[in-house]
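Reviewing the structure listed below.
All residue numbers refer to positions in the sequence shown, counting from 1.
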Amino acid sequence: MAAMTAETNEQRTRHLRTDVSARGRTPATVIAPAADDPPRGGVVVIQDARGITPYLLSVCDDLAEAGYLTIAPHLYHRDGIAEVDPADSWAGALPQMATLTGAGISADVDDCVGHLADAGFGPGQTAIVGFCMGGTVALFTATRTPLAGAVSFYGGAVSSPAWPGVPALLEVAPSLRGPWLGLYGEEDTMIPMADVTGLRAAAAHSGQPTELVSYPGAGHAFHSHDRSAVHRPGPAADAWQRTLAFLDRRVRPS
């Protein structure tokens, strides 16, 4: 384990991390592969309710290691923060998440898609990946904008909306404009299995390539390796491999 951690840290030091203002408006963190390793495509990475945490940045690092230029918008920038107080963690995250609006979310995500386009990655070379509330944003974005693909890790607000201007996922999933992969836990107390089953069917009505995978024994945030109480290594590893395979199939060179 120590050797693996050292190797991972060494890999991540090769990545190029910068904070930018996407399209001159949206604060975002960009993590790129090493300078001598040109990106194979772009990925917009959407935070969970806690914000731009070390966990979220580690996901961007992992995607950079797989060859993608990543950009993570700071969705809480209108309140002057990138991350909720780590001491409060989820207790502080839920009320902070409630301050978002569909208009603000869409503007920030679109700026990041535009930033990737400015870097040379058009819609066929750009995907979006999100976690928790970010999974909701990823699917919603894929109904507004044609992208190479979208991946939702346990995106909620399936049967009722989370924010003004963002309909429930059951309502919008039939309007997907590109491929979608959903990854859910069957023990998720925030997202009932009836919602998961309904979302699978609703996405299938889009006519796009879609897949929803559910994991027995996994609950909400099962990919969050920084939270031992909810992290489930087996489902997390499988979901990540599916994500990389999905991106490999869908994100194409120009």
Q.
Using a 3.5 Å distance criterion without hydrogens, assess whether the side chain of T136 forms a donor-acceptor pair with backbone atoms of G156.
A. yes
(Q) Is any side-chain heavy atom of V43 closer than 4.5 Å to one of L116? (A) no
Q. Would you call V59 and F131 a side-chain contact if the rule is heavy atoms closer than 4.5 Å?
A. yes
Q: Look at the aromatic rings of W240 and F153 and report parallel, tilted or perpendicular, splitting at 30° and 60°.
A: tilted
Q) Do any N or O atoms from the side chain of T126 and from the backbone of P123 form a donor-acceptor pair under 3.5 angstrom? A) no
Q) Going by atom types alone, do T26 and H74 pair a side-chain donor with an acceptor below 3.5 Å? A) no
Q: Please report the closest heavy-atom contact between D248 and Y68, naming both atoms and the distance.
A: N-OH, 3.6 Å
Q: Starting at OG1 of T70, measure out to CD1 of I31 and round the result to the nearest 0.5 Å.
A: 5.0 Å
Q.
Please determine whether side-chain contact (heavy atoms from CB on, under 4.5 Å) holds for the pair L56 and V45, giving the CA-CA distance in whole Å, both sets of side-chain angles, and the decisive distance to 0.1 Å.
A. CA-CA 8 Å; L56 195 280; V45 182; 3.8 Å; yes
Q.
Please tell me whether D226 and H231 have a donor and an acceptor in their side chains that are separated by less than 3.5 angstrom.
A. no
(Q) Return the CZ to CD distance between F246 and Q241, rounded to the nearest 0.5 Å. (A) 15.0 Å
Q) Do any N or O atoms from the side chain of T53 and from the backbone of R50 form a donor-acceptor pair under 3.5 angstrom? A) no
Q | Check: R25 side chain, D111 main-chain N or O, donor-acceptor pair, under 3.5 Å | A | no
Q) Are side-chain heavy atoms of P167 and P161 found at a separation under 4.5 Å? A) no
Q. For the residue pair F140 and S106, what are the closest heavy atoms and their distance?
A. CE2-OG, 3.6 Å
**Q.** Validation row: H225, S58 side chains within 4.5 angstrom (heavy atoms)
**A.** yes
Q. Sub-3.5 Å donor-acceptor pair from the side chain of W163 to the main-chain atoms of A103, do we have one?
A. no
(Q) Please find the pair of heavy atoms, one from S214 and one from P216, that lie closest to each other, and give the distance. (A) O-CD, 3.7 Å
(Q) Between R177 (side chain only) and T143 (backbone N and O only), is there a donor and an acceptor less than 3.5 Å apart? (A) no
Q.
For a quick test of reading the model, state the closest non-hydrogen atom pair linking V230 to A221 and the distance between them.
A. CG2-O, 3.6 Å
Q | Test applied, side chain to side chain donor-acceptor pair (under 3.5 Å); reference residue, D110; option that passes from R23, R144, H115 | A | R144
Q) Any donor and acceptor pair, going by atom type alone, linking the side chain of D79 with main-chain N or O of I81 inside 3.5 Å? A) no
Q. Are Y55 and V84 grouped together when hydrophobic residues (ILVMFWY) are joined by side-chain heavy atoms under 4.5 angstrom apart?
A. no
Q | Min side-chain heavy-atom separation L69-L63 under 4.5 Å | A | no
Q. Salt bridge (charged side-chain N to carboxylate O under 4.0 Å, His left out) with E211: which of R249, R242, R200?
A. R242
Q.
Side chains of L212 and V196, heavy atoms from C-beta outward: is any pair under 4.5 Å?
A. yes
Q: Please examine the side chains of W90 and R227, heavy atoms only from C-beta on, and report whether any two atoms are closer than 4.5 Å.
A: yes
Q | Pairwise distance OG(S160) to CG(D195) - rounded to 0.5 angstrom | A | 8.0 Å
(Q) Between S206 (side chain only) and P174 (backbone N and O only), is there a donor and an acceptor less than 3.5 Å apart? (A) no
Q: Apply the side-chain contact (heavy atoms from CB on, under 4.5 Å) test between L100 and each candidate in V137, I105, V166; give the one that qualifies.
A: I105
Q. When rounded to the nearest 0.5 angstrom, what is the spacing between CG in L199 and CE in M193?
A. 10.5 Å
Q. Hey, what do you get for SG (C132) to CD1 (I191), rounding to the nearest 0.5 Å?
A. 7.5 Å
Q: State yes or no: do I128 and L169 share one hydrophobic cluster built from I, L, V, M, F, W and Y residues joined by side-chain heavy-atom distances below 4.5 Å, directly or via other members?
A: no
**Q.** Evaluation steps, ring-ring contact (aromatic ring centres under 6.0 Å, His included), between Y184 and Y215
**A.** CA-CA 6 Å; Y184 285 81; Y215 293 97; 9.8 Å; no
Q | Nearest heavy atoms of E83 and P54, plus distance in Å | A | OE2-CD, 4.0 Å
Q. Is there a path of hydrophobic side-chain contacts, each under 4.5 Å between heavy atoms of I, L, V, M, F, W or Y residues, that connects W180 with L183?
A. yes
**Q.** Closest approach of V251 to G41 (non-hydrogen atoms, all atoms of both residues)
**A.** CG1-CA, 3.9 Å
Q) Is T101 reaching over with its side chain to a backbone N or O of G104, donor-acceptor style, under 3.5 angstrom? A) yes
Q) Quick one: does S152's side chain have a donor or acceptor within less than 3.5 Å of a partner on G155's backbone? A) no
Q. Please walk me through it: do H205 and L176 pass side-chain contact (heavy atoms from CB on, under 4.5 Å)?
A. CA-CA 9 Å; H205 283 305; L176 279 164; over 6 Å; no
**Q.** Stacked cation flag R78 on Y76, 6.0 angstrom / 45 deg
**A.** no
(Q) For a quick check under 3.5 Å, do Y154 and H223 share a side-chain donor-acceptor pair by atom type? (A) no
Q: Establish whether V158 and M97 are linked, either directly or via other cluster members, by ILVMFWY side-chain heavy-atom contacts under 4.5 Å.
A: no
Q: Indicate, with yes or no, if V113 and V30 share a hydrophobic cluster defined by side-chain heavy-atom contacts under 4.5 Å among Ile, Leu, Val, Met, Phe, Trp and Tyr.
A: yes
Q: Supply the atom-to-atom distance H15 NE2 to D61 CG, rounded to the nearest 0.5 angstrom.
A: 6.0 Å
**Q.** Verdict with supporting geometry, V44 and V129, side-chain contact (heavy atoms from CB on, under 4.5 Å)
**A.** CA-CA 6 Å; V44 181; V129 177; over 6 Å; no
Q. Would T145 and V109 satisfy side-chain contact (heavy atoms from CB on, under 4.5 Å), going step by step from the backbone distance to the final call?
A. CA-CA 10 Å; T145 305; V109 173; over 6 Å; no
Q | R250 side chain reached by P209 side chain, heavy atoms, under 4.5 Å | A | yes
